[in-house]
Amino acid sequence: QVQLVESGGGLVQAGGSLRLSCVASGRSASSATMGWFRQAPGKEREFVAAITWRGSKYYADSGRFTISRDNAKNTVYLQMNSLKPEDTAVYSCAVDYGSFLSRDYKDYDYWGQGTQVTVSS
């Protein structure tokens with residue numbers, strides 16, 4: 001079992017930045033792919049970014065978001081810059097022990113509760 005706890009969400013004005021963190025506890029996630037997804041009200045869950053244990057990265061869109069991880073701390077980060085109102089969503093991290101940089105949420109084995117990000121215009 002893995003427990004994932006996200007933090008760092010909040011309310012920010014358009015153009016601002018936030019850094020999300022996700023700490024894994026229980027089973028080690030240091031050798032797994034970790035990803036970030038988001039879900040806005042009335043919309044389907046959407047892939048944001050993923051990173052392998054070696055640091056290979058995969059993004060839904062390039063440029064504004066950066067994923068990183070600290071394996072020693074079992075933590076994955078999502079730096080979000082130039083935020084837009086359409087980035088408003090609940091952001092969740094997840095761990096995938098079996099795939100390589102999947103963007104399919106069904107491949108992920110464990111999920112956090114999520115953290116709310118709200119971007120005002």
Side-chain angles (χ1 to χ4, degrees):
Q1 288 279 2
V2 174
Q3 294 77 43
L4 301 171
V5 179
E6 302 95 337
S7 62
L11 174 64
V12 63
Q13 288 188 333
S17 298
L18 283 174
R19 188 193 194 206
L20 307 183
S21 300
C22 172
V23 180
S25 61
R27 178 183 176 184
S28 174
S30 62
S31 61
T33 290
M34 298 186 76
W36 286 97
F37 290 76
R38 67 186 184 184
Q39 188 165 20
K43 295 187 177 181
E44 294 185 352
R45 182 161 29 189
E46 178 183 27
F47 171 78
V48 176
I51 185 169
T52 68
W53 70 277
R54 287 188 173 182
S56 296
K57 303 173 184 180
Y58 181 29
Y59 295 98
D61 295 295
S62 61
R64 297 188 298 120
F65 294 177
T66 302
I67 190 170
S68 61
R69 67 188 293 168
D70 184 335
N71 288 333
K73 296 181 178 179
N74 271 333
T75 301
V76 63
Y77 305 96
L78 185 68
Q79 176 69 43
M80 304 187 295
N81 299 326
S82 302
L83 284 162
K84 304 175 182 180
E86 51 264 43
D87 294 318
T88 295
V90 174
Y91 285 71
S92 300
C93 71
V95 175
D96 175 6
Y97 287 99
S99 305
F100 182 79
L101 287 179
S102 173
R103 65 184 298 151
D104 188 344
Y105 75 90
K106 295 187 290 295
D107 288 328
Y108 287 77
D109 304 296
Y110 298 96
W111 291 82
Q113 293 289 331
T115 184
Q116 177 70 47
V117 171
T118 303
V119 184
S120 63
S121 57

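Every value quoted in this text rests on a predicted model; they were computed, and no experiment measured them. Just so you know, these numbers use all the heavy atoms, side chains as well, and skip hydrogens, waters and symmetry mates.
- Judged by distance alone, the side chain of Arg64 and the main-chain N or O of Ser82 form a donor-acceptor pair under 3.5 Å.
- Using a 3.5 Å distance cut-off with no hydrogens or angles, the side chains of Asp96 and Ser102 do not pair a donor with an acceptor.
- Residues Ile51 and Met80 are members of one and the same hydrophobic cluster, defined by side-chain heavy-atom contacts under 4.5 angstrom among Ile, Leu, Val, Met, Phe, Trp and Tyr.
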Using the rule given for ring-ring contact (aromatic ring centres under 6.0 Å, His included), can you reason through Tyr97 versus Tyr108, listing the C-alpha separation, both sets of side-chain angles and the distance that settles it, and then say yes or no? CA-CA 7 Å; Tyr97 287 99; Tyr108 287 77; over 10 Å; no

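- The number of heavy-atom neighbours closer than 6.0 Å to CD of Glu86, taken from other residues, nucleotides and ligands shown, is above 12.
- With Arg103 contributing its side chain and Tyr59 its backbone, the two residues share no donor-acceptor pair below 3.5 Å.
- At a threshold of 4.5 Å between non-hydrogen side-chain atoms, the residues Val90 and Thr115 do not count as touching.
- Below 30°, between 30° and 60°, or above 60°: for Tyr58 and Phe47 the angle between ring planes is between 30° and 60°, a tilted geometry.
- Formation of a donor-acceptor pair under 3.5 Å by the Asn71 side chain with backbone atoms of Asn74 is not found in this model.
- Interatomic distance, Phe37 CZ to Ser92 OG, rounded to the nearest 0.5 Å: 9.5 Å.
- Geometrically, Arg19 engages Tyr77 in a cation-pi contact defined by less than 6.0 Å to the ring centre and at most 45° from the axis.
- In this structure, the separation between CG on Leu83 and OG1 on Thr118 is 10.5 Å, given to the nearest 0.5 Å.
- Gly98 approaches Asp109 most closely through the heavy-atom pair N-OD2, 4.1 Å.
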- Could you walk me through whether Arg45 and Tyr105 pass side-chain hydrogen bond (donor to acceptor under 3.5 Å, both in side chains), step by step? CA-CA 8 Å; Arg45 182 161 29 189; Tyr105 75 90; 4.9 Å; no

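- In this structure, Glu6 contributes its side chain and Cys22 its backbone to no donor-acceptor pair below 3.5 Å.
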